[in-house]
Amino acid sequence: ASLFVAKISHELRTPLHGIMGSAAMLKESLTSNDAINAQSQEMHHVGNIAACAEGNLRVVNDIVDLVKMEHHQLELVIADFDLRTCIESA
């Protein structure tokens, strides 16, 4: 099962990174080339593309983490973080 997850996560992550990169470049071109002509609706759609791709990537990463936990391979890292920011961004 873990080999399947490793292969499928790679197959999903690669296009997701492509979608996220393309959305970022499109958003940048809409704002930098001609801010007056950049339609707010287009910016909204680009934002949706990026948000959906990021959400899907989080799901893939969570699945990989679950498999690592099942195989006792997940490494926990102690790190400081701002709880309020973490909750508000969820």
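FYI, the numbering just counts along the sequence from 1.
- We find the CD-CG distance between Glu88 and Asp82 to be 8.0 Å, quoted to the nearest 0.5 Å.
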Take Val67 and Gln73 through the test side chain to side chain contact (heavy atoms under 4.5 Å, CB included) and record every step on the way to the result.
CA-CA 8 Å; Val67 170; Gln73 296 173 344; over 6 Å; no
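- Met25 and Met20 fall into different hydrophobic clusters, where Ile, Leu, Val, Met, Phe, Trp and Tyr are joined by side-chain heavy atoms under 4.5 Å apart, directly or via other members.
- Other residues sharing the hydrophobic cluster of Leu74, ordered by chain and number and joined by side-chain separations under 4.5 Å: Leu66, Met69, Leu76.
- Of the inter-residue distances, the one linking His17 atom NE2 with Leu12 atom CG reads 10.5 Å to the nearest 0.5 angstrom.
- None of Leu16, Asp62, Ile19 except one satisfies the side-chain contact (heavy atoms from CB on, under 4.5 Å) rule with Leu57; the exception is Leu16.
- Here the shortest heavy-atom pairing between Ala23 and Ile49 reads CB-CG2, 3.8 Å.
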